[in-house]
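Heads up, the thing below is written out as structure tokens.
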Amino acid sequence: MATLVDRLDHVLGAAATPLADVFGIHTVEDLLRHYPHRYMTHGSELGEKEPPEGEHITIVATVESATLRSMKNRNGQFLAVTLAADGQRIEATFFSPHKLKHVVVPGRRGMFSGKVKYFGKRWNLTHPSYVILGGDDNDGAVVPAGRIVGGGTLAGLARGSVDSSGAVDMSVFDRAFVPIYPAAKDVESWTFMRCVRQVLDQLDAVVDPLPESVRAQRGLVDIDTALRSIHFPDTAQDKDSARERLKFDEALAVQLVLADRRRDASTRVAARCPPITDGIAAEFDRRLPFELTAGQHQVAAEIAHDLSAPHPMSRLLQGEVGSGKTIVALRAMLQVIDAGHQCALLAPTEVLASQHARSIRSMLGSLAAGGELGSHELATKVALLTGSMSTAAKRSALLDAVTGDAGIVIGTHALIEDRVEFLDLAMVVVDEQHRFGVEQRDALRAKARDNTSPHLLVMTATPIPRTIAMSTLGDLETSVLTELPRGRSPIVSNVVPARSKPGWVDRAWQRIHEEVAAGRQAYVVCSRIGDDEDTETGKKSAAKKKSASAEDGPETTAAVDLYETLSSGPMHDLRVGLLHGRLSGDDKDITMSEFNSGEIDVLVCTTVVEVGVDVPNATVMVIVDADRFGVSQLHQLRGRIGRGGHQGLCIMISYLSPAGGSFARLEAVAATNDGFELAKLDLATRREGDVLGAAQSGTVSGLRLLSFIDDEDIIADAQDCARSLFARDPSLANDPGIASMMRSAWRSDRVDYLQKS
């Protein structure tokens, strides 16, 4: 007998080798959790003379005749076969006749499976799958292994049903549902089916990790039944019940990890930072030239309450593009500074880190001039640390951090380096959290004083559907900003079909001229840099992007090339700048400073401006080759405009056909400014695996059956279950089965990734 932890080669022998080599399947459990992705049904037996068009039928019949015939409308031949079954004669048509004419011959009996198709009043099976059972004297029950002949799924089933005696066990053809597995050239679906049957025949009853009370409350079948039924269900109900149980296991495994992180955070000690009435935070509020929205007041109160507790805050702040997240985060950091501690703000790009430093210094004014002559008595320093800074600038920033002179230290991944030390780090703010993995967040959190943990606030302007938030960030409390600041208008978006309406592209450039003439500015965004480097990562492209298909579109436009074209052509009379990820840090800072100050009218750029860049005077954005960007990315990009008192206009240019799916996606983006609706569209378009980007993909890619699109109720139920289990038994000492689920239903390496801290 076998158990889930047994090595597969000990159970299957040499047959396990290709499973390990191709699919990384090494244990019995690995194999049983390689679930079928669909099931083949044979269809009904022939029970009527005129079955409905499209019905899938399976018959056992004798070949009466097989004749080669020429096609009427094109060159080639087909094999016209007459089959005798159930007292009827059925016509079947086979293509590739020269491969079949020596196999499908009069007198042979076989099983044939396909869909009914009518030609006039007569119906036909066109190129059905088949397996030859023998001659008239063969009863069709068992066929010697050496005589398997056939084609399509039925023949594959026969090859996968060789029993221990070397004969084909034809009982598989009696099943209502035959599993079809994710397979490869060297490991066919039928190989999986044969191996799974062999393993299940030897498998001991699997002990269920879920308490019976949890199963009974939800009407879930036990795990032994589920693992057997998912592979070989006898009924549709068996299949559905197995899937429901296994989906719940996957959801619960994820939620147990997150619940454990929440429990761990609740046991850590953090600096208490209650608000005070006469500190830098109160002085900042007094100087604000505008009134915060009701939503900003509410979220600020939630954060202030968390910061006052003796345990570390762990909060996610979601907010639409331009909803005012930064000012809420700044007020929180000032509350921590009032308590005598430091804060760190981690940004994904140097452009965004520099932008944060400029905007925070601007908002604080003299309150950011700590240590300078004539500074306010409550002032602190705001330090910036990025990888491309000069050695002297880095040394100065590092000194400000380690001495505590800088109350706020802003930086990129450079902040995570071992040489960066803080005097008393008590709060970490992570902007655009989907750009960072859990390990990176925790590396920065580890820089707090011994035996304490800093408060954590992660921010995103990329709306996250509830199911993904629950399944990847469920260890965080969530706050949401939905209001736009007063005086800000929704952005108007249009899609331009450049190939069929080239005049509309010219009109886009004219609109930029009109806005610049009115004293405003514009972005022109491209999907790649140019000079044979096609992405912000700087990867060399073997050749310029050519169209692989009509949907892929033509060669894309590079930022470097478009900058030259616009500077010498349609915008020769305007001040045009260029910004992309391959420029040095100093060059990027100079360009952004010039754009901020209005010295540049039009900024041709790549997605380096996607997040956080705030130029209130910019009102127009033209996105070239917009079909090359994801839904959330487009929403982020257009959020860079209309941030002042003027209407924003986003023009998305595509060279694809308006009839294609990609163009329809662009029109869907143009139709709404609701980021949460677009997040749902993004999820449906790209599915679960990459919605949060590579840094977070480990938290979802291990899922096999659970869908973030379709299974919200299961995920919510699993979250409640996980939290109640930890509330009852924080160490899970009395629930070893539950503890094991974090290492079984979900891949253990994914769990280890989340648990690192």
Side-chain angles (χ1 to χ4, degrees), residues 261 264-265 268 270-271 312-317 329 332-333 336 341-357 360 381-391 393-460 472-473 475-476 536-538 581 585 588 608 611-612 692-699 752-757:
R261 287 181 65 85
D264 179 62
R268 295 186 184 187
M313 173 181 70
S314 294
R315 186 167 288 275
L316 168 68
L317 175 55
M333 288 190 283
V336 172
H341 308 290
Q342 290 173 285
C343 305
L345 195 163
L346 182 62
T349 66
E350 290 193 356
V351 168
L352 182 53
S354 300
Q355 173 72 33
H356 274 311
I360 287 176
K381 271 189 178 182
V382 177
L384 174 66
L385 181 62
T386 64
S388 66
M389 290 170 57
S390 67
T391 301
K394 286 181 183 177
R395 186 179 297 117
S396 176
L398 290 169
L399 184 62
D400 287 339
V402 75
T403 61
D405 289 342
I408 299 174
V409 181
I410 301 168
T412 56
H413 293 76
L415 287 183
I416 302 174
E417 296 176 2
D418 291 340
R419 65 195 180 103
V420 180
E421 297 181 8
F422 293 82
L423 178 66
D424 188 6
L425 180 64
M427 182 179 182
V428 173
V429 179
V430 180
D431 197 10
E432 290 307 317
Q433 60 79 32
H434 64 287
R435 303 293 188 90
F436 299 97
V438 175
E439 289 176 314
Q440 293 165 311
R441 296 203 318 241
D442 287 342
L444 189 52
R445 292 168 72 178
K447 294 180 180 293
R449 282 186 168 180
D450 291 342
N451 301 318
T452 65
S453 294
H455 299 284
L456 175 66
L457 177 68
V458 295
M459 304 190 299
T460 181
T472 59
L473 303 166
D475 56 325
L476 307 178
E536 281 301 336
T537 61
K588 283 186 278 192
V608 71
V611 291
L692 291 182
Q696 294 287 342
S697 64
T699 61
D752 292 342
Y753 174 82
L754 274 184
Q755 287 182 322
K756 287 179 181 177
S757 58

Which atom of Arg268 lies closest to which atom of Ser453, heavy atoms considered:
CD-OG, 3.0 Å
With sequence neighbours left out, what residues match Lys381 under salt bridge (charged side-chain N to carboxylate O under 4.0 Å, His left out)?
Asp400
When rounded to the nearest 0.5 angstrom, what is the spacing between CG in Leu345 and CG in Leu352?
8.0 Å
Euclidean distance, Thr460 OG1 relative to Asp431 CG, rounded to 0.5 Å
8.0 Å
Hey, what do you get for NZ (Lys588) to CD (Gln355), rounding to the nearest 0.5 Å?
13.5 Å
Between Lys394 (side chain only) and Gly387 (backbone N and O only), is there a donor and an acceptor less than 3.5 Å apart?
yes
In chain order, what residues pass the side-chain hydrogen bond (donor to acceptor under 3.5 Å, both in side chains) check against Ser354, with sequence neighbours excluded?
Asp589
Can you tell me how far apart CE (Met333) and CD1 (Ile408) are? Round to the nearest 0.5 Å.
4.5 Å
Quick one: pull up CG in Leu346 and OG1 in Thr412 and give me the separation to the nearest 0.5 Å.
7.5 Å
Taking Met427's backbone N and O only, do any of them form a donor-acceptor pair with His455's side chain (distance below 3.5 Å, no angle check)?
no
Counterpart residues, salt bridge (charged side-chain N to carboxylate O under 4.0 Å, His left out), relative to Glu421 (two or more places apart)
none
All heavy atoms of Ala270 vs all of Pro312, minimum pair found to be CB-N, 3.4 Å
Under the salt bridge (charged side-chain N to carboxylate O under 4.0 Å, His left out) definition, can you give me all pairs with a residue in residues 345-354, not counting sequence neighbours?
none
Check salt bridge (charged side-chain N to carboxylate O under 4.0 Å, His left out) between Arg449 and all other residues, then give those that pass, not counting sequence neighbours.
Asp424
Heavy-atom side-chain contact between Val409 and Val420 under 4.5 Å
no
What's the separation between atom NE2 in His341 and atom CG in Leu423, rounded to the nearest 0.5 Å?
10.5 Å
side-chain hydrogen bond (donor to acceptor under 3.5 Å, both in side chains) filter on Thr452, not counting sequence neighbours, yields none
